[in-house]
There are 2 protein chains.
Amino acid sequence: MTLTPRNITDTELALLRLLWKDGRSTIRQLTDQMYPEGGHSEYATVQSLLDRLEGKSCVRRERDGRVNVFTATVTRSELVARRLRETADALCDGSLAPLLSQLVRVSDPTPEEADALQGLVDRLETAGSSGKEEA
Amino acid sequence: MTLTPRNITDTELALLRLLWKDGRSTIRQLTDQMYPEGGHSEYATVQSLLDRLEGKSCVRRERDGRVNVFTATVTRSELVARRLRETADALCDGSLAPLLSQLVRVSDPTPEEADALQGLVDRLETAGSSGKEEA
DNA sequence: GGCATCCTCAGGCGGTTTGTCTTAGTTCAA
DNA sequence: TTGAACTAAGACAAACCGCCTGAGGATGCC
């Protein structure tokens, strides 16, 4: 069963990127960008990738006249969140704190990144006092 | 070629976890933990997994008498760092900042986590002024 | 109508990965 | 010498991934 949204391939991700950038798109529009000079086979390739992305609940298919129009149903942020969670589960017993630690240690951050991080902290401190239940 | 250390499987990760926990281990010791009641075939399975981990430069094999003793050559932190970097490359054009943002937003952080984050920021600000080249 | 063009859909192919297992050979101790 | 352990080499099915073929169906132009 496809209960678990499986991993998303780099090629599939390229498609998602286009959908994020352009919004609703037809296979033709996507193919033209992924494979300029592409013919029928490349078109079918994109269609296969979209089929699989649909199976992974990452895109939605809509009929518009006689063509299918595709839309991304996951955001970049959701995918980032998912991958972070997976990493935490796989490597840190579900705890996100080590990720954060490692992220900062590894990032060799620029001063601007340090600033951004500080901003996150500020926002986190105010948000942290609002909604929370349990986990 | 295996220039890029490929992705590490969940099953392989289970082995790495044992190596991190126990340090140097024989196949027998690992098999006993991963597959209690396991026989010859399970032993061979573990051996295959270790072979592949060695190919991925994650463990080192050492001869001790007539048995092989395996040691992890990557730390949990290194793997975490690697996965974070991969996520940033795949989804955020290589920038780690969105990861951090999402991490904080998703983590539904406790006040202690907020404190920890603050601590990281403090450490980051002092470390940020040391080594840096470009990016 | 006849034809070309574009779209859709079903399905398959070759290569790789992954977890598992078989077989055979080596080493050592009772 | 027998047997129990270890090692090594290789195979296997299943799944996944990117790609492609082929057969239709609708549309539009002459």
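Bear in mind the structure is a predicted one, so any value in this text is a computation, not a measurement. Atoms considered below: every heavy atom in the structure, side chains included; atoms not considered: hydrogens, waters and symmetry mates. Convention: sequence-line order gives letters A, B, ...; per-chain numbering from 1.
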Please list, by residue number, the residues of residues 16-31 of chain B whose heavy atoms come closer than 4.0 Å to an atom of DNA chain D; answer none if no residue qualifies. Ile27(B), Arg28(B)

Return the minimal non-hydrogen interatomic distance between Pro98(B) and Val80(A), and the atom names on each side. O-CG1, 4.5 Å

Send over the distance from Lys56(B) NZ to dT16(C) P, rounded to a whole Å. 15 Å

Going by side chain to side chain contact (heavy atoms under 4.5 Å, CB included), name the residues that satisfy it together with Arg28(A), two or more places apart in sequence or in a different chain. Thr26(A), Asp32(A), Tyr43(A)

Residues which pass side chain to side chain contact (heavy atoms under 4.5 Å, CB included) with Glu12(A), listed by chain and number, not counting sequence neighbours: Ile8(A), Thr9(A), Leu49(A), Arg52(A), Leu53(A), Lys56(A)

Sequence neighbours left out, what passes salt bridge (Lys or Arg N to Asp or Glu O under 4.0 Å) with Glu42(B)? Give chain and number order. none

I need the residues from residues 33-48 of chain A with at least one non-hydrogen atom less than 4.0 Å from DNA chain C; give them sorted by number, or say none. His40(A), Tyr43(A), Gln47(A), Ser48(A)

Atom of Met34(B), atom of Ala14(B) and distance for their closest heavy-atom approach: CE-CB, 4.4 Å

List the residues meeting salt bridge (Lys or Arg N to Asp or Glu O under 4.0 Å) with Arg76(A), not counting sequence neighbours, and say none if there are none. none

Which residues satisfy the salt bridge (Lys or Arg N to Asp or Glu O under 4.0 Å) test with Glu78(A), sequence neighbours excluded? none

So which of residues 59-70 of chain B are in contact with DNA chain D, with a heavy-atom cut-off of under 4.0 Å? Arg61(B), Arg63(B), Arg66(B), Val67(B), Asn68(B)

Rounded to whole angstrom units, what separation is found between the CG atom of Leu49(A) and the C1' atom of dG11(C)? 16 Å

Taking side chain to side chain contact (heavy atoms under 4.5 Å, CB included) as the test, write out the residues that go with Ala88(A), two or more places apart. Leu96(A), Leu99(A)

My understanding is that only residues two or more places apart in sequence, or in another chain, count here; which of them pass salt bridge (Lys or Arg N to Asp or Glu O under 4.0 Å) with Asp89(A)? none

Got a list of side-chain donor-acceptor pairs under 3.5 Å for residues 15-24 of chain A, not counting sequence neighbours?
residue: Arg17(A); atom: NH1; partner: Ala90(B); partner atom: O; Å: 3.3
residue: Arg17(A); atom: NH2; partner: Ala90(B); partner atom: O; Å: 2.8
residue: Trp20(A); atom: NE1; partner: Val74(A); partner atom: O; Å: 2.8
residue: Lys21(A); atom: NZ; partner: Gln33(A); partner atom: OE1; Å: 3.1
residue: Asp22(A); atom: OD2; partner: Gln33(A); partner atom: NE2; Å: 2.8
residue: Arg24(A); atom: NH1; partner: Glu62(A); partner atom: OE1; Å: 2.9

Could you check how far CG of Asn7(B) sits from P of dT16(C), rounded to whole Å? 18 Å

Please report the interatomic distance CG(Asn68(A)) to CD(Glu54(A)), rounded to the nearest 0.5 Å. 8.5 Å

Grab the CD1-P distance between Ile8(B) and dT17(C) for me, whole Å please. 14 Å

Asp51(A) has an atom CG; how far is it from atom P of dG12(C), in whole Å? 15 Å

